[in-house]
Amino acid sequence: HVQLVESGGGLVQAGGSLRLSCAASGSIFSIGDMGWYRQAPGKQRELVATITSGGIPNYAFSVKGRFTISRDNAKNTVYLQMNSLTPEDTAVYYCHAHGSTSYYGVPSDYWGQGTQVTVSS
């Protein structure tokens, strides 16, 4: 089994910055894509950013130019640097990883428990 543990959420004023971290642990054989999703109250969960194992990022249009995703494969950790935050970025942010626990294992999707990001105006 794979566990994802997020950290770094909190309360920040508009225009401020936060950095989220997500560390994967457990019976990890390999991890492919990792990423961040968010869910605001009353809305569906949406993609924020993803990054391949080779370091190629992909961003939602709403965060492009403000957020930067990165990863450290040696630590099985993915980061999300969030700058120029606005109240519209307020949501619970979830870490995601696509990986397998053995050579013959079927890759599965794993999710963190979520971390709250609140941006005040």
Side-chain angles (χ1 to χ4, degrees):
H1 190 65
V2 176
Q3 297 87 35
L4 301 179
V5 179
E6 301 123 332
S7 61
L11 173 65
V12 65
Q13 288 188 331
S17 299
L18 283 174
R19 188 187 193 217
L20 305 182
S21 300
C22 172
S25 62
S27 303
I28 300 169
F29 175 76
S30 67
I31 297 179
D33 290 1
M34 300 185 77
W36 293 92
Y37 292 71
R38 67 187 181 187
Q39 187 167 18
K43 295 186 177 181
Q44 290 188 335
R45 189 174 298 189
E46 63 177 4
L47 179 147
V48 176
T50 62
I51 187 167
T52 68
S53 58
I56 298 174
N58 177 57
Y59 297 98
F61 179 80
S62 60
V63 307
K64 196 171 291 187
R66 300 186 298 122
F67 291 9
T68 302
I69 190 170
S70 61
R71 67 188 285 172
D72 184 335
N73 290 335
K75 298 180 179 179
N76 290 323
T77 299
V78 63
Y79 306 94
L80 185 69
Q81 177 66 42
M82 304 185 293
N83 299 328
S84 302
L85 286 161
T86 73
E88 288 67 39
D89 295 315
T90 295
V92 177
Y93 283 68
Y94 296 92
C95 175
H96 168 264
H98 189 72
S100 60
T101 58
S102 68
Y103 182 83
Y104 296 103
V106 176
S108 301
D109 291 310
Y110 299 93
W111 293 91
Q113 79 285 356
T115 184
Q116 177 70 46
V117 171
T118 303
V119 185
S120 63
S121 57

Item to check | Residues which pass side chain to side chain donor-acceptor pair (under 3.5 Å) with Q113, listed by chain and number, not counting sequence neighbours | outcome: E6
Run the side-chain donor-acceptor check on residues 51-58: report pairs under 3.5 Å with partners two or more places apart or on a different chain.
residue: T52; atom: OG1; partner: G54; partner atom: N; Å: 3.3
residue: T52; atom: OG1; partner: G55; partner atom: N; Å: 3.3
residue: T52; atom: OG1; partner: I56; partner atom: N; Å: 3.0

Next on the checklist: Under a plain distance cut-off of 3.5 Å, with no hydrogens placed, do D109 and H98 share a side-chain donor-acceptor pair?
Outcome noted: yes
Checklist entry - How are the rings of Y37 and H96 set to each other: parallel, tilted or perpendicular (split at 30° and 60°)? => result perpendicular
Checklist entry - How long is the gap from OH on Y110 to CD on Q3, to the nearest 0.5 Å? => result 9.5 Å
Checklist entry - Hey, what do you get for CD (E46) to CH2 (W36), rounding to the nearest 0.5 Å? => result 15.0 Å
Checklist entry - Does S84 offer a backbone N or O that forms a donor-acceptor pair with the side chain of R66 under 3.5 Å? => result yes
Next on the checklist: If you apply the rule side-chain contact (heavy atoms from CB on, under 4.5 Å), what do you find for R38 with V92, and how did you get there?
Outcome noted: CA-CA 5 Å; R38 67 187 181 187; V92 177; over 6 Å; no
Checklist entry - Quick check: does any side chain N or O of T118 sit under 3.5 Å from a backbone N or O of Q116, one acting as donor and the other as acceptor? => result no
Checklist entry - So F67 and Y93, would you call those rings parallel, tilted or perpendicular, with 30° and 60° as cut-offs? => result tilted
Item to check | Rounded distance (nearest 0.5 Å) linking atom CG of N76 with atom CZ of R71 | outcome: 8.0 Å
Checklist entry - Short question: side chain of S62, backbone of A60 - any donor-acceptor pair under 3.5 Å? => result no
Checklist outcome for this item: For S121 and P87 the tightest heavy-atom approach is CB-CG, 3.8 Å
Checklist entry - Relative to Y94, does R45 satisfy both conditions: NZ or CZ under 6.0 angstrom from the six-membered ring centre, and within 45 degrees of the ring's axis? => result yes
Checklist entry - Can you find a pair of side-chain heavy atoms, one from M82 and one from V117, that are under 4.5 Å apart? => result yes
Checklist entry - What do the steps show when you test D72 against Y79 for side-chain contact (heavy atoms from CB on, under 4.5 Å), and what is the final call? => result CA-CA 8 Å; D72 184 335; Y79 306 94; 4.2 Å; yes
Checklist entry - When you look at C95 and W111, which way does the side-chain contact (heavy atoms from CB on, under 4.5 Å) test go after all the steps? => result CA-CA 6 Å; C95 175; W111 293 91; over 6 Å; no
Please list every donor-acceptor pair under 3.5 Å in which a side-chain atom of residues 15-32 meets a protein atom from a residue at least two apart or in another chain.
residue: S17; atom: OG; partner: N83; partner atom: OD1; Å: 2.9
residue: S30; atom: OG; partner: S100; partner atom: OG; Å: 3.1

Item to check | Test side-chain contact (heavy atoms from CB on, under 4.5 Å) applied to T68 and L80, step by step | outcome: CA-CA 6 Å; T68 302; L80 185 69; over 6 Å; no
